[in-house]
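Data block below; observations after.
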Amino acid sequence: MLVLGIETSCDETGIALYHTERGLLSHALYSQMEMHSEYGGVVPELASRDHIRRVLPLIRKTLATANLALTDVTAIAYTQGPGLAGALLVGASIAEAIGHALKIPVIGIHHLEGHLLSPLLSTPSPNFPFVALLVSGGHTQLMEVSGVGRYRLLGETVDDAAGEAFDKTAKLLGLGYPGGPALSELADEFLKSGKPRNFKLPRPMLRSGDLNFSFSGLKTAVLTLTNKHGITQQTRGDIALAFQEAIVEVLTEKSLTALTQTGLTQLVVAGGVGANRQLRTSLSHRSASIGATVFYPELQFCTDNGAMIAFAGAMRFRKSVANSYHQTGSFTVRARWDLELLDTP
Ligand code: KG4
Ligand code: ZN
């Protein structure tokens with residue numbers, strides 16, 4: 001089976017071709033980041049319009065790279081939600097149109113399921129069951145994953161997502177949008193420089209006794225620091241490091257608690273913040289200390305991409321659970337969509 005994957009949930013157009021026997025054949029991505037950075041955040045209407053411009057050329061490019069024709073595609077998977085409604089509609093309508101023309105099955109995929117399963121695209125890959133730490137711009141969740149579609153929520157953020165906290169803090173430090181990667185680089189540079197640290201930020205909900213997170217207070221704590229000390233080259237790196245260390249420690253310790261509570265020994269990290277170097281080092285180090293293994297998607301599959309959607313589609317088609325939440329011939333997108341309720345009617 002050759003699955004064409006289409007991702008248009010936010011500000012990245014991602015297209016991929018995944019073959020159930022031959023693996024990932026090709027993928028292409030267009031990031032709208034530069035266009036949105038001018039406005040300091042994603043502008044939904046601009047995002048939708050740009051997806052319209054990019055989807056078909058990217059599909060052609062992906063097919064050409066794999067030396068295949070559209071008629072070779074045997075199924076289509078697209079991101080049905082959660083995300084920006086207008087952006088999702090672009091992927092959904094193109095997927096449905098192609099599916100209708102070729103008379104092939106089409107499936108709507110939950111964006112977070114794509115992220116959750118993305119480490120299975122890499123080798124070595126984890127086996128079910130595992131604990132997944134999902135850390136993206138919109139979500140921060142710990143999940144117990146027992147199989148495709150079998151997800152149990154262990155804990156989640158009560159306010160900002162980890163990526164959102166990175167981006168908002170980066171904005172406060174004047175690092176542009178989305179500032180997560182820039183903030184992380186600055187923090188790493190400061191750490192490498194060996195300069196003495198002047199700041200320490202709180203570890204929100206570290207001892208809350210559950211697996212929930214809260215990150216909005218960190219941003220406020222950073223604001224208090226910048227108001228007091230001003231933003232200079234010195235304080236910027238210093239604060240970036242303090243912020244990164246606080247968030248990394250909370251994510252690491254809660255992930256470890258999730259492993260011990262479930263008795264599982266595999267941790268999968270997915271979503272954009274999974275690209276963070278300090279988080280990776282900390283998780284790998286601490287997990288090894290309790291005999292657990294951490295699995296990461298390849299860096300290019302940490303942030304939004306079409307490969308994870310094509311792959312999740314292939315998994316669902318293979319498990320014959322494909323159409324449990326999708327009716328062929330009509331489609332709806334789901335701007336909000338609870339992952340735990342995925343396979344309930
Ligand atoms: O998964 P993703 O591409 O999109 C969503 O579905 O949200 O995640 C994007 C988020 C952004 O908030 C971005 O700042 C953050 O991931 N991010 C990072 C890093 N790379 C991306 N945050 C911290 N460190 C990084 N290296
Ligand atoms: Zn995402």
Side-chain angles (χ1 to χ4, degrees), residues 5-14 16 29-33 36-37 40-42 44 47 78-84 87-88 91 109-119 132-141 143 156-157 160-173 175-191 215-216 218-219 240-241 243-252 268-283 296-309 311-312 335-337 339:
I6 304 176
E7 154 65 35
T8 64
S9 68
C10 189
D11 58 349
E12 258 120 15
T13 319
L29 188 82
Y30 181 83
S31 172
Q32 307 174 352
M33 214 179 274
H36 297 296
S37 66
V42 177
Y78 68 92
T79 306
Q80 192 175 12
L84 303 170
L88 289 165
I109 293 294
H110 194 294
H111 180 79
L112 297 182
E113 176 170 63
H115 277 304
L116 272 188
L117 301 178
S118 60
L133 171 67
L134 235 165
V135 270
S136 71
H139 293 85
T140 300
Q141 297 183 330
M143 285 267 176
E156 64 183 335
T157 182
D160 289 354
E164 189 180 359
F166 264 98
D167 294 340
K168 285 180 175 171
T169 303
K171 208 168 176 177
L172 285 176
L173 296 177
L175 296 173
Y177 174 87
L183 186 151
S184 150
E185 236 157 74
L186 202 66
D188 290 353
E189 265 169 40
F190 190 86
L191 186 65
F215 296 122
S216 69
L218 271 180
K219 172 193 65 200
L241 181 60
F243 169 82
Q244 181 166 274
E245 285 185 334
I247 214 159
V248 163
E249 185 178 335
V250 177
L251 290 173
T252 303
V268 157
V269 184
V273 184
N276 186 277
R277 266 188 297 264
Q278 203 184 342
L279 178 64
R280 287 181 170 225
T281 309
S282 164
L283 283 173
Y296 304 97
E298 279 176 43
L299 277 179
Q300 58 178 339
F301 300 138
C302 274
T303 45
D304 292 350
N305 64 86
M308 66 182 195
I309 302 303
F311 180 70
R336 290 173 181 273
W337 194 4
L339 186 59

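Ligands are counted one by one from 1 in listed order, and the atoms in each one are counted from 1 as well.
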field: Side-chain donor/acceptor of Y296 to backbone N/O of P119, under 3.5 Å
entry: no
Run the contact test for [X] against ligand 1 with a 4.0 Å cut-off on heavy atoms, strictly below, and give the result.
X	result
A275	yes
H115	yes
H111	yes

message: With carbon and hydrogen excluded and only N/O/S kept, which atom of D304 is nearest the Zn ion (ligand 2)?
response: OD1
- prompt: Taking just the N, O or S atoms of H115, which one is nearest to the Zn ion (ligand 2)?
  reply: NE2
query: Of all the atoms in ligand 1, which lie at a distance below 4.0 Å from a heavy atom belonging to G137?
result: 5 (C), 7 (O), 8 (O), 9 (C), 10 (C), 12 (O)
query: Looking at G138, which atoms of ligand 1 are within less than 4.0 Å of one of its heavy atoms?
result: 7 (O)
- prompt: Between H111 and E7, do the side chains contain an N or O donor and an N or O acceptor separated by less than 3.5 Å?
  reply: yes
task: Check whether any N or O atom of G179, backbone or side chain, sits under 3.5 Å from an N or O atom of ligand 1, and answer yes or no.
output: no
query: Quick check: does G272 get an N/O under 3.5 Å from an N/O on ligand 1?
result: yes
- request: With heavy atoms only and a cut-off of under 4.0 Å, state how D167 meets ligand 1: side chain, backbone, both or neither.
  value: side chain
